[in-house]
Amino acid sequence: MRLLLVEDEQRLADALAYILKKNKYGVDTAYDGEAGQAMAETRVYDLIILDRMLPRKEGVVVLKELRKKGISTPVLILTAKDSIEDRVEGLDAGADDYLIKPFATEELLARVRALARRQANPLQGERLEVSGLSLDPLHCEVTRGRETIKLTLKESLLLELFMRNPGQVITKEQILNRVWGLDSEVEMNNVEIYIHYLRKKLSPMDLRLETVRGIGYCLKEAGGDVP
Ligand code: CA
């Protein structure tokens, strides 16, 4: 299960990320509202923990904009305020739950587990289907018809990103952030190398990763339109 944590108090953010990782969650951290929103828009997260008061863009504004764009990832709001108006505002904006600061980490973990359970589909190993292509992210296997191909973890993460955004252009920056993580030292040409690997593996499958010059890549059906 992958979590996005958006929290500007760096010490708190790092402490929470550490605890969540210890509890076997994959965690990416953003320290302001704009960065958090950009990451959330890749749609690869199973849950977003969103601080309410953030620099560059307020948490509630980020949440409203995500919901407006049809991104329904569960959101847990962290708020220092405890007035009824503030709670209502967060929930009205589309939050699934909220937690008032300061809180015990056990409580945060309990809320995260509860939100994960509330999801209709099991989050871990959730199979993705796009135009006849089926990805099993837990086992890193992609199937189309009778053909099953084993992928490496990075290839699987890369394909997952495309399959969660069918027909959409994914930028190299999004790929780098999502597949390698924000703090990664990995260079842009690693993205190109992995796209090359993935293209080779997908070649028997009537699907191609089209290059959108100067921007990124898009998953399309070979000889067809956008899936
Ligand atoms: Ca804050």
Side-chain angles (χ1 to χ4, degrees), residues 1-119 123 157 161 164-165 170-171 173-186:
M1 180 159 160
R2 297 193 198 140
L3 309 185
L4 172 62
L5 173 64
V6 191
E7 167 62 66
D8 61 307
E9 288 165 58
Q10 196 155 348
R11 281 176 63 188
L12 176 62
D14 294 347
L16 291 178
Y18 175 78
I19 289 157
L20 290 163
K21 282 175 186 168
K22 258 184 95 175
N23 282 271
K24 309 282 182 228
Y25 295 107
V27 185
D28 289 329
T29 310
Y31 301 106
D32 69 68
E34 274 180 12
Q37 185 172 341
M39 288 164 78
E41 284 178 6
T42 62
R43 298 172 195 250
V44 296
Y45 296 100
D46 302 300
L47 176 69
I48 299 165
I49 301 170
L50 182 64
D51 187 29
R52 194 175 175 285
M53 307 284 274
L54 289 168
R56 299 177 78 97
K57 203 180 257 190
E58 278 250 24
V60 173
V61 177
V62 170
L63 178 55
K64 278 184 186 158
E65 291 182 12
L66 290 176
R67 294 298 187 244
K68 217 161 148 189
K69 289 182 175 180
I71 295 166
S72 58
T73 312
V75 169
L76 172 64
I77 289 255
L78 304 180
T79 175
K81 299 182 179 178
D82 184 22
S83 71
I84 289 173
E85 292 79 21
D86 286 320
R87 276 186 251 175
V88 169
E89 190 191 8
L91 295 171
D92 273 352
D96 297 86
D97 201 358
Y98 61 89
L99 199 52
I100 293 156
K101 288 178 173 179
F103 50 81
T105 51
E106 289 75 21
E107 170 134 46
L108 175 73
L109 291 169
R111 299 290 180 97
V112 167
R113 282 194 299 272
L115 282 174
R117 272 199 304 273
R118 213 191 283 172
Q119 288 276 85
L123 297 166
L157 286 169
L161 182 59
R164 285 191 186 239
N165 301 275
I170 312 290
T171 68
E173 285 80 7
Q174 285 173 324
I175 293 170
L176 207 58
N177 290 346
R178 191 47 240 158
V179 178
W180 280 271
L182 277 179
D183 316 320
S184 163
E185 300 283 309
V186 166

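Along the sequence shown, residues carry numbers from 1. Counting starts at 1 for both ligands and their atoms, following the listed order.
- Shown here are the side chain to side chain donor-acceptor pair (under 3.5 Å) partners of Glu7, two or more places apart in sequence or in another chain: Lys101.
- The side-chain contact (heavy atoms from CB on, under 4.5 Å) search around Lys57 returns Glu34, Gln37, Val61, Val62, Glu65, not counting sequence neighbours.
- Using a distance-only test at 3.5 Å, with no hydrogens or angles considered, no donor-acceptor pair links the side chain of Asp96 to the main chain of Leu76.
- For the pair Val27/Leu16, no side-chain contact is recorded, criterion being any heavy-atom separation below 4.5 Å from C-beta on.
- Protein contacts to the Ca ion (ligand 1) involving N, O or S atoms at a distance below 3.0 Å are Asp8 OD1, Asp51 OD2, Met53 O.
- Partners of Gln10 under the side-chain contact (heavy atoms from CB on, under 4.5 Å) rule, at least two apart in sequence or in another chain, are Asp14, Tyr31.
- Distance alone, capped at 3.5 Å, places no donor-acceptor pair between the Asp51 side chain and the Val6 backbone.
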